[in-house]
Chemist: 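Before anything else, here's the structure in question.
Lettering follows sequence order; numbering is per chain, from 1. Bear in mind the structure is a predicted one, so any value in this text is a computation, not a measurement.
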Amino acid sequence: MKLYNTLSGKKEDFVPVMPGQVRMYVCGITVYDHCHIGHARSAIVFDIMRRYLSYRGYKVTFVKNFTDIDDKIINRAKQEGVSWDAVSKKYIEEYYHDMEQLGVGKADIEPKATEHIQEIIDITRGLVDKGYAYAVDGDVYFQVEKFADYGKLSKREIDDMIAGARVDVNEKKRNPMDFALWKASKEGEPAWDSPWGPGRPGWHIECSAMSQKHLGDTFDIHGGGADLAFPHHENEIAQSEAYTGKPFARYWVHNGFITVDKEKMSKSLGNFFTIRDILGKFDAEVVRFFLLSTHYRSPIEFSDEQLRDAEISIDRYYATALRIRDVVAQDHAKEKTAADEKVFEELLGRFIERVAGAMDDDFNTALAIGHIFELIRALNKYLDGKPSGAKAVALVKKAEEVLKEAGSILNIFTRTPEEWNRALMRFKCPDVTEGFILAKIQERQKARERKDWAMADAIRKELDEKGVVLEDKKEGTSWKVKIS
RNA sequence: GGCGGCGUACCCAAGUGGCUAAGGGAGAGGUCUGCAAAACCUUUAUGCAGCGGUUCGAAUCCGCUCGCCGCCUCCA
């Protein structure tokens, strides 16, 4: 497998520390507000990586944390007039709700910062003892100049960053780039006892503490959004490597942003869409497909139009799945070889290998999806040739099986065509019932039998206006939800 | 200002040295159909922002130019 490593700026062969095992840590969210689609992207991308590594036979230990103590949480609590832990508790629940709907699995371990105060204090004290950190008025700062490799992840020099205008001025810091490991709490703020007085952890230290505790000093993959590379991940590296004297994470993986009008979606710009807003308009599978149809490191422009494209693509898959079922159910007494059998069989044979090859290459989900639709087209073409008999059934069943396998890798195409159709009805034609549709189809069938085409077309038009499309086939008329 | 990234058809999007530049959508034409829908076929980049260079050979590597974005402050 190849994996792009931010540390080297290149794709590298993935070799885990312990053969057959992968230990990965992903920075989760700070729980002070609803999650937006950008959070969903990160969650889905790393969920897919974890799934695929398991699929490839690795024993994966996946850790994703919650930052449950932080300035934003404290401010939010003040605003709402509730305790800080009521805020974090509420948004952890919201997060689980969103993720469950999105089909994102839980991590193996989901640690919280506040449950690792002792570990955080231990590391902080260790860094002070080793001379990497200093205490001032109850705060403890990491001294970046003491760590020779500082800047190796984000590829920047300490001096260049200071030259940049936007570093905050803080009298207590020896160097403006120094960052807090421990912050003294003000009156009324949440506080834990420490050797430096009552206080709370800085932001970066928690990930060093939790990853070390649950995965060890050196582990395989550390992930998060691209905006975390600096300063968060850079600081994690400094703390952890200064403390343990060992390499920290071996592969640094960062997902790209979601953009709106080409600009990064963010809270401060106010151009964000929450997961729950989007799931009110589109099915979760559509969101997953949309996010996976672009490589995880590239930016994705968010729009309803793009989601609709995803919806159409998924519908194409389920329409084919239905066709497979219909074909298999037909009478196969007669052996008939379709003209394109060889081409189809050949493509079918290499399919899983090609999908896996795409995923092996830095989790290229977009390419994997391309392969899926290539097979779908070949299959449809093959079926257009009206093949029949045992061989044909075997090939079609094989296609069904491998398409499902590929879908399961990406956590898409996991439902039946009926389930998909029902999900679509919820969004596209909530007022129409299946009973009504079937009655109309029957009425139209009678009209068709007496060749009353005007009536038949009128009924079809009526349903079309309600968002239902009819398809006349040999076996009878079927219906589906109209997309667009 | 420093650092990083991106620019592939009407739209979205793979491809990072070598068969005819994946795949999806949209458009046009066709096969099928009572008519449709679906499916399939044909068609839409001798071309990969522009200009140079390296090479037998580049969308792919190097340099410059233009445009866009991100990080340097909390941020997935």
Chemist: Are A/Tyr95 and A/Phe66, when compared by the centres of their aromatic rings, separated by less than 6.0 Å?
Modeler: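 Yes, close enough.
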Chemist: Which one, B/C74, B/A22, B/C72, comes nearest to the side chain of A/Phe230?
Modeler: B/C72
Chemist: With a 6.0 Å cut-off on ring centres, are A/Tyr4 and A/Tyr296 close enough?
Modeler: no
Chemist: If you look at every strand shown and take non-hydrogen atoms under 4.0 Å, does A/His295 touch a base, only sugar-phosphate, or nothing?
Modeler: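 Sugar-phosphate contact only.
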Chemist: Please report the shortest heavy-atom distance between A/Gly28 and A/Lys64, naming the atom on each side.
Modeler: CA-CG, 3.9 Å
Chemist: What contact category does A/Gly38 fall into here, base, sugar-phosphate, or nothing, at under 4.0 angstrom with non-hydrogen atoms?
Modeler: base
Chemist: Using a heavy-atom cut-off of 4.0 Å across all strands, would you classify A/Ser154 as base, sugar-phosphate, or nothing?
Modeler: sugar-phosphate
Chemist: Kindly point out which of B/A22, B/C12, B/A76 is positioned nearest to the side chain of A/Ile258?
Modeler: B/A76
Chemist: Of the nucleotides B/A22, B/G70, B/G25, which has the atom closest to the A/Lys264 side chain?
Modeler: B/G70
Chemist: When the ring centroid of A/Tyr91 is compared with that of A/His34, is the distance short of 6.0 Å?
Modeler: yes
Chemist: Assign A/Gly225 to base, sugar-phosphate, or nothing according to its heavy-atom contacts below 4.0 angstrom with the strands shown.
Modeler: sugar-phosphate
Chemist: Do you see a donor-acceptor pair shorter than 3.5 Å between the side chains of A/Glu236 and A/His232?
Modeler: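 Looking only at side-chain atoms, A/His232 and A/Glu236 do form a donor-acceptor pair, the distance falling under 3.5 Å.
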Chemist: A/Lys262 near the nucleic acid: base, sugar-phosphate alone, or nothing, with a heavy-atom cut-off under 4.0 Å?
Modeler: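 The residue A/Lys262 makes sugar-phosphate contact but no base contact.
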Chemist: Considering heavy-atom distances to RNA chain B, does A/His371 or A/Asn364 have its closest nucleotide positioned more toward the 5' end?
Modeler: A/Asn364
Chemist: Protein within reach of the bases, or only the backbone? For nucleotides 27-41 of chain B, mark each nucleotide 5' to 3' as B, S or -, using heavy atoms under 4.0 Å.
Modeler: -------BBBBSBSS
Chemist: Specify whether A/Phe272 and A/His36 have parallel, tilted or perpendicular ring planes, treating 30° as the upper limit for parallel and 60° as the lower limit for perpendicular.
Modeler: tilted
